[in-house]
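In what follows, a structure is listed as structure tokens, so that the remarks can point back to it.
Just the heavy atoms: all of them, side chains too, but no hydrogens, waters or symmetry mates, feed the values below. Naming: A, B, ... by sequence-line order, numbering from 1 per chain.
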Amino acid sequence: MIKDEITKLVEEAAARAQRAGDLPEMALPPTVIERPQRPEHGDYATSLPLQLARAARAKPLDLGATLARHMPESPAIERVEVAPPGFVNFHLSQSWLASQVDVILEAGPSFAEVAIGGGEKVQVEFVSANPTGPLHAGNGRWAAMGSTLARILRAAGYDVETEYYFNDAGTQIDVFGRTLYARYQQLFGRDVPVPEDGYSGAYMIDLAEQAREKFGETMLRPEGEAPPDQLGRYGMEQVMDWIRRDLADMGVEYDNWYREQTVYDAGYFDKVMELLREKGLVTEREGAVWFATSKLEADKDEVLIRSSGLPTYLATDVGYHYDKFFVRGFDRVIDIWGADHQGHVKPLLLATEAMGIEEGRLTIIIGQLVTLRRGEERLKISKRSGDIITLREVIEEVGKDACLFFFLSRSADATIDFDLDLAKEQSSENPVYYVQYAHARIAGIIRTAKERLPDAEGGDISLLTHESELSLIRKMLHLPELVDVMARTLEPHHLPHYAQELATAFHDFYEKCRVVDEEHLDQSRARLKLVAAAQSVLATTLGLMGMDAPDRM
RNA sequence: GCCCCCGUAGCUCAGUAGGAUAGAGCAUCGGUUUCCUAAACCGAGGGUCGCAGGUUCGAAUCCUGCCGGGGGUACCA
């Protein structure tokens, strides 16, 4: 990346200045290269002189001049300027910019790649909603974020596995089984109510009907007896299929589907209880088993095994993370959770640290929730209430690509306010089409060129000197930098914004620069290369978001 | 009460280890097509970055307090 090269230039300039005695011997702060907002400030800039001024007992502008004087030559840099109050600005050379078109074309999708991961094994776990009902609209946010983050990390050189954790054991599943059995019995005329804490959604009736088709009345037990396990398991398998299908329809693929039951079957649950006991972090009182987090950095203990004998969500989750780190050996694990699970973050982090996992190897991203509305009408999203908007409905209503784009475009820290009416109304004004249209337009240009231009190959990129051409190239060069930033900060929401900027740069070029022009064959060939490069970068960007890059619209 | 997140244009939101004159989309108003897709482009208006202090050469960004919204909160996940 050119940004890294400029960083080296600045560091070399500082070192040369010190050797020459123009800059005092002193520890230098890390060199920060930023992108100025205004074009006249160049393509890249550093405020190093401002930072050094005090310690060096010199004026920032003088320091800037010193750095500029010692700056090594680079074919990429046309000009180095010092600007008040103390910036050093770098202007890229036109010929170097043009040369990047060939670099991009040669690299193809790998143009977005940066080598910061070093092959580290990273797991990204996301969605992991209970298989007690269909995914709701809010779950789509984690699907979009998680799958995109995984692709970003792969592009950044990490060895990534994605995973969905099915809670197929525990209390919620028991409630699910009892609800389904109640609905099932109702189909046979029994007057039994849905459990008070049960799932009132209509999908439970659908499931009961499916079960009746499959099992007939063989799942009926004498009145008042407990529901048969087989019925509940059957219902849950159906729901898991729904979930897998909904995610697939959103273009979200997983490497692994993990079942909570594994934590017990493989003995991880017992293992972590033993580990925590050895550390003296397990106490018993009031008939329950506790994780003594108050001995660590928390103000209260957490229950691991309820007085009923059933383990809590936390306990199995600790066992699950034992598997992630000790059995499967991930270097890093990233979990994406909704803000409604925020209270679980601290206990789980404390538990993994107690097990000897170094700080920083487990990252839990808390994403703020999605609020749904139709115009002014606020919609409930809770699964219990039954009155949910499913992810499937949203995908069918606004389309998978718009869904991905919209869910991705907000920072995890911001709540998403999803107006279904607006999403539908705006379907033609939606930014997602704006971006995809840029890609389709390019495909159209290339089709036209094939029909009208003899021998469109071998363009001379040095002919690319128009301001709009150079702006487009500049914008393309952002992508690897952005992948670098997103992989470090785990913030994929920059991608949709970048996609829009890239599309804007292309549309602007399209208006100002005619590509297919029989009168100017050389220019046409050069611009065809540029356009092909833009198409490649657009497709790569869309691909990182899991979106399609259509050739026609 | 305590803990976490947010508060930036009429609306929805960006602002990438504190940097130069705070940005985008939508909405509003005005303009652009004998020409590769007008699902596009160009222009205009619109801001006390919730409020008040503090740190700094420099704060939307960091710290403290307050106000407002969302989430969590001691054997549900």
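At a threshold of 4.0 Å, the pair A/Lys3-A/Asp484 does not count as salt-bridged, since none of the basic side-chain nitrogens sits closer than that to a carboxylate oxygen.
Spacing of C1' atoms, B/G47 relative to B/G15, comes out at 15 Å, to the nearest Å. Atom name C1', nucleotides B/G25 and B/A9: the rounded distance is 12 Å, in whole Å. Straight-line distance between the P atoms of B/U28 and B/C11: roughly 15 Å, to the nearest whole Å. For the C1' atom pair drawn from B/C49 and B/C4, the interatomic distance equals 23 Å after rounding to whole Å. Distance check on atom C1': B/C36 versus B/G45 gives 35 Å, rounded to whole Å.
Of all nucleotides listed (B/C75, B/A40, B/C36), B/C36 comes nearest to the side chain of A/Val515. Of the candidates B/A39, B/A38, B/C41, B/A38 carries the atom nearest the A/Arg441 side chain, counting heavy atoms from C-beta on. Of the candidate nucleotides B/A74, B/C5, B/C76, B/C5 has the atom lying nearest to any side-chain atom of A/Gln368. Comparing B/A39, B/C75, B/C36 by their nearest atom to the side chain of A/Ile445 picks out B/C36. Candidate nucleotides B/A77, B/A38, B/A74 were compared by shortest atom distance to the side chain of A/Thr312, and B/A77 ranks first. The A/Gln342 side chain lies nearest to B/C3 when the options are B/C42, B/A40, B/C3.
Here B/A40 presents its C1' atom at 17 Å from NE2 of A/His439, a figure rounded to the nearest Å.
Using a 4.0 Å heavy-atom distance criterion, A/Asp340 is classed as a base contact.
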Read 5' to 3' with Watson-Crick or G-U pairs under 3.5 Å, [ ] for crossing pairs and | for partners on another strand, RNA chain B gives (((((((..((((.....[...)))).(((((.......))))).....(((((..]....))))))))))))....
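Between A/Thr171 and the phosphate of B/A77, there is a side-chain N or O to OP1/OP2 separation shorter than 4.0 Å. One finds no side-chain N or O of A/Tyr510 lying less than 4.0 angstrom from the OP1 or OP2 phosphate oxygen of B/A39.
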Going 5' to 3' through nucleotides 12-24 of chain B and flagging B where a protein heavy-atom sits under 4.0 Å of the base, S where only the sugar-phosphate is that close, and - otherwise, we get SSSSB--BBBSS-
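Between the base of B/C75 and the side chain of A/Ser307 there is a donor-acceptor pair shorter than 3.5 Å.
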Item to check | Test log, rule salt bridge (charged side-chain N to carboxylate O under 4.0 Å, His left out), inputs A/Arg79 and A/Asp43 | outcome: CA-CA 10 Å; A/Arg79 211 153 36 109; A/Asp43 295 295; over 6 Å; no
